[in-house]
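Quick note on labels: first sequence line is chain A, next is B, and so on, each numbered from 1. What you see is a predicted model; the values in this text were computed from it and never measured.
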There are 2 protein chains.
Amino acid sequence: MTERDNRQGAAALKRVDSRPLYAQVREVLLERIGTSGWMPGDLIPNEFAIARELGVSQGTMRKALDSLAADRVLVRRQGRGTYVARHTPADVLFRFFNFFDADGNRIEPDSCRATLAAGRATSQERAKLTLGPRAKVIRISRIRTWNGAPFIFETIILPEAFFPGLGKGRSVPNTLYDHFQKAYGVTIGRGEELLTAIAAGPAEAAALGIAEGMALLKLDRVMHSLQNQRVEWRSSVCRLDGAAYRVELR
Amino acid sequence: MTERDNRQGAAALKRVDSRPLYAQVREVLLERIGTSGWMPGDLIPNEFAIARELGVSQGTMRKALDSLAADRVLVRRQGRGTYVARHTPADVLFRFFNFFDADGNRIEPDSCRATLAAGRATSQERAKLTLGPRAKVIRISRIRTWNGAPFIFETIILPEAFFPGLGKGRSVPNTLYDHFQKAYGVTIGRGEELLTAIAAGPAEAAALGIAEGMALLKLDRVMHSLQNQRVEWRSSVCRLDGAAYRVELR
DNA sequence: GAGTGGTCTAGACCACCCT
DNA sequence: GGGTGGTCTAGACCACTCT
């Protein structure tokens, strides 16, 4: 690539908007990661190479790369290179599964029985996932166990547009988010969860094998993709004897 | 040239330390903030001044300052300067009070009735706060209200060594953490909270004015100071009809 | 030894806030 | 106008990983 191209590259970045260069660079890198360029697990070119290509200094490139690493989109390893973060079941549990046992160890749910169905989204589902009037969704209900006993009973709503044919002919994996990334190129970026306490009704009592009226923790979670689209609504009720939901306060 | 300055700057700070320069600089700044040098709300000297004083470059100083700003110890304002973060009641609510109403607005608890007592720490209290065998603690029990109705019933355990004479002759403020900072120089840095669901027993039912057996959210929280000492153990039970505890997932 | 990210420096210009 | 933090660049050396 010639020097003129470099300047044009830099100018192209600057002319579009007035945000800092590193923020624009970050945007460019995010696009490359999303659209079948750099895939999860890939080693991306080194700092100097991308910087030269985009016509910015290595320092600016570093700032963009560090910011993506802070958001867990990239993983940097000294002496080896920069990789596109890959979701593994262990990563997913570590980031998004906040249950701990009495000794402070993270709980690893053993398995799950799942049922799956598709249909038109209800108005509530459309609101939660910002879907259009005739959008379809996939609904998964499952029970996750811990030490062999039912622990979580949850319903997961997914826009069909993001996950066409999910579950067709195959069983639903225990950790969904790594499957989303591998099978559909949808990477979970962030989300929010609303927690309340409820008394077990007939449905929860039957699903979890407990008495009606037992106090349960209810989680209402909406997850967003890296591109900031709402890709999952999950509603879970959890039996919490011997376990706790852990929150870091900062 | 750069190499010699580099080593000298490092030598001036480190002696035994092999951590990065900016990390050592950060430590030095944190000490100055703790020990009656720079107080909450103070404007601290500009980057160049501190950098020159400590014998490091402005870039290294900036990295240390930015890291402290990220941890909310400092607040940087373009065109004005860098300030030591001051806890206000609003800040405290924003950072550490995670309850929201059905419309998604943060709940502001109205007031509280508090009782206060001091005594020797129980073994459980010593374990939670890593206290010595004969340590004393201050115990606060209070009820916080929302829209006039009891909302949270909580017990707060504080090491007497950190907060001597707390509550003597004065009432306990609604938001404690800003009081800790102003009156005792103890700044809350971070903490962790364990959430479970419980059924209301006689004590909770009486305190919150509800029926026994109602599902409540229980929070078990330990907070650490900027110097990483455990300075509070708080146990709360919350009535959650019309409200929810919100967690950001990243 | 070659290549990578991590640290550190030095100096430039810009955007913002004050008086 | 003068001072502050924010951005950007250029170049050096260090620490780590692989072959």
Side-chain angles (χ1 to χ4, degrees), chain A residues 3 6-7 9-29 38 41-70 72-85, chain B residues 1-14 17-29 38 42-70 72-85:
Chain A
E3 201 178 313
N6 291 346
R7 288 214 203 90
L13 280 175
K14 280 173 190 166
R15 205 176 296 130
V16 176
D17 63 81
S18 64
R19 288 176 308 163
L21 245 190
Y22 68 81
Q24 301 174 49
V25 170
R26 187 193 141 105
E27 207 80 356
V28 171
L29 298 178
W38 298 333
D42 280 2
L43 174 66
I44 74 174
N46 71 51
E47 295 175 343
F48 285 99
I50 320 179
R52 196 171 52 245
E53 185 203 339
L54 295 184
V56 301
S57 77
Q58 184 219 6
T60 299
M61 181 52 60
R62 160 152 279 157
K63 199 160 179 179
L65 291 169
D66 282 348
S67 119
L68 288 170
R72 292 163 158 140
V73 177
L74 296 177
V75 176
R76 316 199 74 189
R77 280 184 245 183
Q78 183 172 165
R80 296 178 62 180
T82 302
Y83 298 80
V84 180
Chain B
M1 177 56 175
T2 51
E3 192 183 328
R4 220 186 73 231
D5 287 346
N6 212 337
R7 300 249 167 111
Q8 283 183 348
L13 278 171
K14 73 171 162 187
D17 207 333
S18 66
R19 288 176 307 166
L21 246 190
Y22 68 82
Q24 300 173 49
V25 169
R26 187 192 140 104
E27 207 79 355
V28 170
L29 298 178
W38 298 333
D42 281 2
L43 175 66
I44 74 174
N46 71 50
E47 295 175 342
F48 285 98
I50 321 179
R52 199 170 50 246
E53 186 205 337
L54 295 184
V56 301
S57 76
Q58 184 218 7
T60 299
M61 180 54 59
R62 159 152 280 158
K63 198 158 179 178
L65 292 169
D66 283 347
S67 121
L68 288 170
R72 292 162 158 140
V73 176
L74 297 176
V75 177
R76 316 199 74 189
R77 281 183 245 183
Q78 185 172 166
R80 296 179 61 181
T82 302
Y83 298 80
V84 180

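Atom C1' of nucleotide C:dA15 and atom CZ of A:R19 are separated by 17 Å, given to the nearest angstrom. Nucleotide D:dG6 holds its P atom 11 Å from the CG atom of B:L74, rounded to whole Å. Put simply, OH on A:Y83 is 11 Å from C1' on C:dG5, counting in whole angstrom units. In this structure, the OH atom of B:Y22 is 16 Å from the C1' atom of D:dC13, given to the nearest Å. Counting to the nearest Å, the P atom of D:dT7 and the CD atom of B:E47 are 11 Å from each other. Rounded to a whole Å, the CD atom of B:Q58 is 15 Å from the P atom of D:dG3. Protein atom CZ of B:R52 is 13 Å distant from nucleotide atom P of C:dG11, rounded to whole Å. If you measure from atom CZ of A:R77 to atom P of D:dT17, you get 11 Å, rounded to the nearest angstrom.
For B:N46, whose side chain is taken as the heavy atoms from C-beta onward, the closest listed nucleotide among C:dC8, C:dG6, D:dG5 is D:dG5. The side chain of A:P20 lies closest to D:dT7 when the candidates are D:dT9, D:dT7, D:dG5. For A:S57, taking side-chain heavy atoms from C-beta onward, the closest of the listed nucleotides D:dA10, C:dA10, C:dT4 is D:dA10.
One distance of note links CD1 of A:I50 with OG1 of A:T60; it measures 13.0 Å at 0.5 Å rounding.
Listed by chain and number, the residues in a side-chain contact (heavy atoms from CB on, under 4.5 Å) with B:A85 are B:V75 (sequence neighbours excluded). Every residue two or more places apart in sequence or in another chain that forms a side-chain contact (heavy atoms from CB on, under 4.5 Å) with A:R26 is listed here: A:L30, A:A64, A:S67, A:L68, A:D71. For A:E27, there are no side chain to side chain donor-acceptor pair (under 3.5 Å) partners, not counting sequence neighbours. In this view, B:D66 and B:R76 satisfy the side chain to side chain donor-acceptor pair (under 3.5 Å) rule, not counting sequence neighbours.
A heavy atom lying under 4.0 Å from DNA chain D marks the following residues of residues 59-67 of chain A, by number: A:G59, A:T60, A:K63.
Put simply, the side chain of B:R77 does not reach to within 4.5 Å of the side chain of B:L43, judged on heavy atoms. Side-chain contact between B:L29 and B:W38 is present, with at least one heavy-atom pair separated by less than 4.5 Å. Side-chain atoms of B:V84 and B:V73, non-hydrogen and from C-beta on, never get closer than 4.5 Å to each other.
Along DNA chain D, the nucleotide nearest to A:A23 and the one nearest to A:F48 differ in position, and the one closer to the 5' end is contacted by A:A23.
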Between protein and nucleotides 17-19 of chain C, what N or O pairs are separated by less than 3.5 Å?
from	atom 1	to	atom 2	distance (Å)
C:dC18	OP1	B:R80	NE	3.4

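Side-chain nitrogen and oxygen atoms of A:T82 include at least one within less than 4.0 Å of the OP1 or OP2 phosphate oxygen of C:dG5.
Among A:E47, A:K63, A:R52, the single residue meeting the side chain to side chain donor-acceptor pair (under 3.5 Å) criterion with A:Q58 is A:E47.
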